[in-house]
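This report concerns only the one structure given below.
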Amino acid sequence: MKKLIVIPDSFKGTISSIDICRIVKKNVHHHFPECEVIAIPIADGGEGTVDCFLQTACAQKVTVRVSDPYGDPIAANYIKIGDNAIVEMAQCAGLPLVEQRLNPACTTTYGVGEIMLHAIQHGAKKIMLGLGGSCTNDAGAGMAAALGAVFYQEGNTTLIPTGNNLSQVSRIEIDKLQKQLQGIEIVAMCDINNPMYGPNGAAYMFAPQKGADQQMVIHLDNQLRAFAQTIQTQLHKRVDNLPGAGAAGAMGAGVVAFLNGTLQSGIQTILDFVNFDTLIEDADMILTGEGKLDAQSLHGKVVIGVAQRAKLKKVPVVAIVGAIDDDIDEIYQQGISAVFSINQKPIPFSRARLYTQNNLCKTVDNLMRFAKSMLIHL
């Protein structure tokens, strides 16, 4: 074997994609010392995106002081690669930052806008924004305010909206924001199709995990409904039913409404960025994986995104995963050659997760032994 690509998602709650790449690379080189192993750890927009992009050649980590979800100062990182910037909203608006203070009615994405503004002021011409892991429900209004948008309420006083008071916005001025963003391309990495509001919208689907009870969910949903109408009236844009509008507390809607950005599949954005199609042309095998392979994996997740691209180049793809559901037959039509679970024994996840690294190591070792034996007999 001369060339292998390893491009996994993390196994959520057990092992990062960076550690998976390290383990795979070590095992491959044990059996094929001369093999070129290209590692591309993936976090397709959510928590860990910045760390994964940092593994890319020529990537520079930039640390800035911005606002956390409650407006307090915090250090956050983004990545610069040439005139591209990769911003992970979870760095300053993520769930882990609020700990026991979960309250999506009060948290803000203002810090996200501050990071983006710093990147723009330091030469970024394209910003790839990871939407995922948020603790907010402000439709990106905080982000827009940090970038120069001005929100007015009745009486001509200004406010920075949160999920709690979006309905109070009566007028929106974006002249300064548009000037800041002139010539800047904004692409948001987004892997859900939920609308802005309603039964499948941001509040009903995601606010409970951010600390909202049923009464707050209804309130937040009503705020988003009112804000969508204000956006339509003031900015002449309808974003409420846009696929992905409900991502990250309806920040997907805000990216399109305020920043004139686009929402794209996280994995497709990353594959394009690393020139994946060219990279795999002479590869002998691609190893990918995620924590659980199931029917949802078919809808734009890492494994299928990788397999679909590899299929066009006729490169075999092996998925190494934690668990395999029953309804995955379709993945073989999408370009997956084989799927292996790393679990060695039929034990509960609570116990199995403790052995993830060891089990992954054994699985890759067995796969490489098999590959070596096949090459010997060909």
Side-chain angles (χ1 to χ4, degrees), residues 9 12 44-47 89-90 93-95 102-107 109 112 129-144 161-167 169 187-232 235 237-259 261-269 290-302 304-305 325 327 330:
D9 198 354
K12 299 234 175 354
D44 51 350
E47 190 177 347
M89 74 167 299
L95 269 173
L102 292 168
N103 189 342
C106 298
T107 47
T109 57
V112 182
L129 174 61
L131 303 186
S134 82
C135 64
T136 55
N137 208 82
D138 71 351
M143 168 193 67
T162 64
N164 191 48
N165 60 8
L166 293 170
S167 65
V169 177
V187 176
M189 292 180 275
C190 168
D191 285 319
I192 65 169
N193 292 320
N194 301 72
M196 187 174 181
Y197 56 75
N200 296 312
Y204 276 94
M205 294 300 294
F206 306 112
Q209 69 195 44
K210 304 174 186 183
D213 60 19
Q214 187 60 29
Q215 185 176 357
M216 184 186 287
V217 165
I218 295 170
H219 174 67
L220 293 173
D221 189 69
N222 287 335
Q223 295 296 304
L224 291 173
R225 288 175 184 272
F227 197 50
Q229 185 59 52
T230 305
I231 288 172
Q232 187 173 349
L235 305 182
K237 291 183 179 180
R238 179 154 188 192
V239 295
D240 51 340
N241 286 316
L242 186 73
M251 194 164 177
V255 166
V256 176
F258 303 122
L259 313 186
T262 56
L263 306 180
Q264 293 184 5
S265 158
I267 184 59
Q268 298 302 334
T269 302
E290 58 187 45
K292 183 179 181 181
L293 196 63
D294 56 22
Q296 285 198 350
S297 304
L298 294 167
H299 301 291
K301 298 299 183 181
V302 170
I304 296 302
D325 218 344
D327 51 357
E330 190 180 335

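This one's a predicted model, so the numbers in the text were calculated from it and none came from an experiment.
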Next item on the list: Side-chain contact test, heavy atoms from C-beta onward, threshold under 4.5 Å: evaluate it for Ile192 versus Met205 and give yes or no.
Entry: no
Notebook entry, point to check: Heavy-atom distance under 4.5 Å between the side chains of Val255 and Met143, does that happen here?
Noted result: yes
Item checked: Residues in side chain to side chain contact (heavy atoms under 4.5 Å, CB included) contact with Asn164, at least two apart in sequence or another chain -> Ala105, Thr162, His219
Note to self: Quick test of your reading: applying salt bridge (charged side-chain N to carboxylate O under 4.0 Å, His left out), list the pairs with at least one residue in residues 210-224, sequence neighbours left out, ordered by first then second residue.
What the structure shows: Asp221-Arg225
Next item on the list: Kindly indicate whether the side chain of Pro161, heavy atoms from C-beta on, has any atom under 4.5 Å from the side chain of Asp138.
Entry: no
Margin query: Please enumerate all residues that pass side chain to side chain contact (heavy atoms under 4.5 Å, CB included) together with Thr269, with sequence neighbours excluded.
Written below: Met128, Val187, Met189, Gln264
Next item on the list: Grab the two heavy atoms, one from Met89 and one from Ala248, that are nearest each other, plus how far apart they are.
Entry: SD-CB, 3.4 Å
Note to self: Could you check whether any side-chain heavy atom of Asn193 comes within less than 4.5 Å of a side-chain heavy atom of Asn200, counting everything from C-beta outward?
What the structure shows: no
Check: Would you say Lys237 has more than 12 foreign heavy atoms packed within less than 6.0 Å of its NZ?
Finding: yes
Notebook entry, point to check: Are Ile231 and Val169 close enough, and set up right, to give a side-chain contact (heavy atoms from CB on, under 4.5 Å), and what steps lead you there?
Noted result: CA-CA 9 Å; Ile231 288 172; Val169 177; over 6 Å; no
Margin query: Using every non-hydrogen atom in the two residues, find where Gln223 and Gly163 come nearest and quote the distance to one decimal.
Written below: CG-O, 3.3 Å
Checklist line | Straight-line distance of Phe206 CZ to Thr136 OG1, nearest 0.5 Å | finding: 12.0 Å
Margin query: A side-chain contact here means heavy atoms from C-beta on lying under 4.5 Å apart; do Val217 and Pro208 qualify?
Written below: yes
Note to self: If you compare all heavy atoms of Leu131 against all heavy atoms of Ala247, which two are closest, and at what distance to 0.1 Å?
What the structure shows: CD1-CB, 4.2 Å
Item checked: Intermediate values then yes/no, side-chain contact (heavy atoms from CB on, under 4.5 Å), Ile267 and Ile304 -> CA-CA 9 Å; Ile267 184 59; Ile304 296 302; over 6 Å; no
Note to self: For a side-chain contact (heavy atoms from CB on, under 4.5 Å) check, start with the C-alpha distance between Tyr204 and Gln214, then their side-chain angles and the critical distance, and finish with the verdict.
What the structure shows: CA-CA 9 Å; Tyr204 276 94; Gln214 187 60 29; 3.9 Å; yes
Item checked: Heavy-atom closest pair, residues Ala203 and Leu220 -> CB-CB, 3.9 Å
Notebook entry, point to check: Distance from Asn137 atom CG to Thr109 atom OG1, nearest 0.5 Å?
Noted result: 10.5 Å
Next item on the list: Would you check if Phe258 and Leu235 make a side-chain contact, meaning some heavy-atom pair closer than 4.5 Å?
Entry: yes
Notebook entry, point to check: Would Ser265 and Asp191 satisfy side-chain contact (heavy atoms from CB on, under 4.5 Å), going step by step from the backbone distance to the final call?
Noted result: CA-CA 5 Å; Ser265 158; Asp191 285 319; 3.5 Å; yes
Notebook entry, point to check: What are the two closest non-hydrogen atoms of Ala90 and Gly133, and how far apart are they?
Noted result: CB-O, 4.4 Å
Check: Measuring from Gln209:CD to Leu95:CG, what's the distance to the nearest 0.5 Å?
Finding: 6.5 Å
Next item on the list: Heavy atoms only: give me the nearest Pro104-Ala207 pair and the separation to one decimal.
Entry: CG-O, 4.1 Å
Checklist line | Note, Leu129 side chain near Met251 side chain (heavy atom, < 4.5 Å) | finding: yes
